[in-house]
Amino acid sequence: MVPLFFDEYRPGAWNNYDSKVIHEELRNVYNRNAAERGRANLTTKTYPLTAPIILCGEDRPRDTTGLEERMIVLNPNKDVVDGISEYGTTCQENFGALQNYQLESFALPYWSWALKQKDWSDVLEAARGEVTKLKESENLNMPERIVNNLSILKFGWSMYFEYAHSLGILPNVSYEFDEIMKQAYFNVMPSGRHENEFDQLVSFIVTMVSNGELDYRRHYSIKNHTTLILRLKDILPVAKAYANKTQRNKELLGEDAYYSIIRRLSDKEFSYVLSSSEKGTFYSSSGGDTTELRGVALDIKMLEETLDIEAGIWN
């Protein structure tokens with residue numbers, strides 16, 4: 001399928017509803033779901049969503065229930081583009097040379113050649129094997145979706161080389177493709193570990209605590225010096241207001257969506273999430289008296305080890 005290209009991707013400028021609709025459609029495309037369209041005779045036509053999507057803009061999808069993992073992310077470095085990096089003006093010169101060619105004349109001959117290849121599935125499997133080898137040799141925490149993405153990237157690279165060889169061209173490449181795959185991996189997972197939406201919410205909560213937006217024993221509480229109790233019901237409205245105030249470009253999920261992640265994390269061994277519902281001491285709504293209320297229970301020590309959040313931040 002011919003890819004669909006969307007320019008000016010700027011989720012920070014959209015309202016929450018439009019952002020959710022667009023991101024849900026992107027997930028549907030990735031999962032090859034079907035869509036329906038009404039006809040004049042009041043019947044409906046069902047068709048699969050199969051065309052790849054290319055997004056271009058100032059940002060990329062973030063904090064959208066794993067959407068980032070479903071993408072191959074390329075972030076042009078401004079210094080490289082401006083010619084003031086270690087590469088000098090080489091990248092500028094190469095890009096200028098490409099602009100002098102009619103690249104649209106390349107697509108149809110290449111597609112025609114690629115569609116005639118009978119061993120493409122073997123090439124794809126070989127690409128997946130190389131990605132798996134890279135994952136194991138570098139000890140990378142690489143989810144299956146990212147393995148798929150990098151396999152497709154390696155597959156495309158291999159097919160380009162095979163096409164060049166069929167034309168009698170030997171590309172002069174002075175670097176290993178593994179370095180490109182690692183860069184694509186770290187673009188999505190900068191710390192080398194998978195951060196889910198609740199991990200990112202906890203990090204945002206730390207920012208709000210540091211800036212005096214959340215109050216002890218109103219939004220969070222400490223139990224037995226070892227357990228952090230979070231009242232998500234009270235925290236999320238403040239988080240959404242603070243996100244708008246600070247122009248945070250990551251959308252916040254709803255309470256139900258976070259609890260779905262929390263319950264999953266609480267079932268994992270060595271997780272910093274202890275329970276989705278545990279009692280803690282909070283101030284009552286009527287005044288200074290305290291009462292026992294339920295919230296999400298987190299292990300403060302494991303939280304520090306997992307997300308590098310210092311235990312002293314909650315004091």
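Remark: Asn100 CG is packed, more than 12 non-hydrogen atoms of other residues, nucleotides or ligands lying under 6.0 Å away. Sparse packing is recorded around CD of Glu310, with 12 or fewer heavy atoms of other residues, nucleotides or ligands lying under 6.0 Å away. By the neighbour-count criterion of 12 heavy atoms within 6.0 Å, atom OH of Tyr17 is sparsely surrounded, having that number or fewer from other residues, nucleotides or ligands. When the shell of 6.0 Å around OH of Tyr47 is examined, it contains more than 12 heavy atoms from other residues, nucleotides or ligands. Atom CZ of Arg37 is surrounded by 12 or fewer heavy atoms from other residues, nucleotides or ligands within 6.0 Å. Counting non-hydrogen atoms of other residues, nucleotides and ligands closer than 6.0 Å to CH2 of Trp120 gives a total of 12 or fewer.
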Decide side chain to side chain contact (heavy atoms under 4.5 Å, CB included) for Phe155 and Val131; before the verdict, give the C-alpha distance in whole Å, the side-chain angles of both, and the deciding distance to 0.1 Å. CA-CA 10 Å; Phe155 169 72; Val131 173; over 6 Å; no
Do Trp113 and Met159 pass the side chain to side chain contact (heavy atoms under 4.5 Å, CB included) test, and can you show the C-alpha distance, the side-chain angles, and the key distance before you say yes or no? CA-CA 10 Å; Trp113 172 87; Met159 292 293 282; 3.9 Å; yes
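Using a 4.0 Å cut-off between charged side-chain N and carboxylate O, Arg128 and Glu144 make a salt bridge.
Using a 4.5 Å heavy-atom threshold, the side chains of Asn211 and Thr246 count as separate. Side-chain contact between Ile262 and Leu232 is present, with heavy atoms from C-beta onward closer than 4.5 Å. Contact of the Met302 side chain with the Leu274 side chain is not registered, since no non-hydrogen atoms from C-beta on lie closer than 4.5 Å. With a 4.5 Å cut-off on side-chain heavy atoms, Glu25 and Ile22 do not count as touching. A 4.5 Å side-chain heavy-atom check between Leu230 and Tyr258 finds every atom pair outside the cut-off. Val123 has its side chain out of reach of Gln117: every pair of non-hydrogen atoms, C-beta onward, lies at least 4.5 Å apart. Inter-residue side-chain proximity for Asp215 and Tyr283 is flagged as unmet; no heavy-atom pair is nearer than 4.5 Å. Proximity of Leu253 to Tyr259: side-chain heavy atoms (C-beta onward) are nowhere separated by under 4.5 Å.
No side-chain donor-acceptor contact under 3.5 Å links Arg294 to the backbone of Gly280. No side-chain donor-acceptor contact under 3.5 Å links Ser260 to the backbone of Asp256. Under the 3.5 Å distance criterion, the side-chain polar atoms of Glu304 are left unmatched by any main-chain donor or acceptor of Ile300. In this structure, the side chain of Ser112 does not engage the main chain of Leu108 through any donor-acceptor pair within 3.5 Å. With hydrogens and angles ignored, the 3.5 Å screen pairs no side-chain donor or acceptor of Thr306 with any backbone N or O of Leu303. Judged purely by atom type and a 3.5 angstrom limit, Ser266 has no side-chain atom pairing as donor or acceptor with the backbone of Ser276. Using modelled atom types, one side-chain atom of Ser166 and one backbone atom of Tyr163 make a donor-acceptor pair closer than 3.5 Å.
Shortest non-hydrogen contact noted between Thr281 and Thr290 is CG2-CB, 3.7 Å. Heavy atoms only, all atoms of each residue included: Leu103 and Leu98 are closest at CG-O, 3.9 Å. Scanning both residues, Gly254 and Leu236, for their nearest heavy atoms gives C-CD1, 4.4 Å.
Residue Leu214 holds its CG atom at 10.0 Å from OG1 of Thr207, rounded to the nearest 0.5 Å. The structure places CG of Leu124 at 11.5 Å from CG of Asp119, a figure rounded to the nearest 0.5 Å. To the nearest 0.5 Å, atom CG of residue Asn148 and atom CE of residue Met142 are 11.0 Å apart. From Leu49, atom CG reaches atom CG of Leu26 across 10.5 Å, with rounding to the nearest 0.5 Å.
In this pair, Phe106 and Tyr110 present their aromatic rings parallel. The plane angle is below 30°, not in the 30 to 60° band.
The side chain to side chain donor-acceptor pair (under 3.5 Å) search around Asn244 returns none, not counting sequence neighbours. Residues forming a ring pair (Phe, Tyr, Trp, His ring centres under 6.0 Å) with Phe204 (at least two apart in sequence, or on another chain): Tyr242.
Under the 4.5 Å side-chain heavy-atom criterion for ILVMFWY residues, no single connected hydrophobic cluster contains both Leu201 and Ile229. With hydrophobic clusters built from ILVMFWY side chains whose heavy atoms lie under 4.5 angstrom apart, Leu252 shares a cluster with Val296.
Judged as a side-chain hydrogen bond (donor to acceptor under 3.5 Å, both in side chains), the pairs with a partner in residues 217-229 (not counting sequence neighbours) are, in order, Lys223-Glu278.
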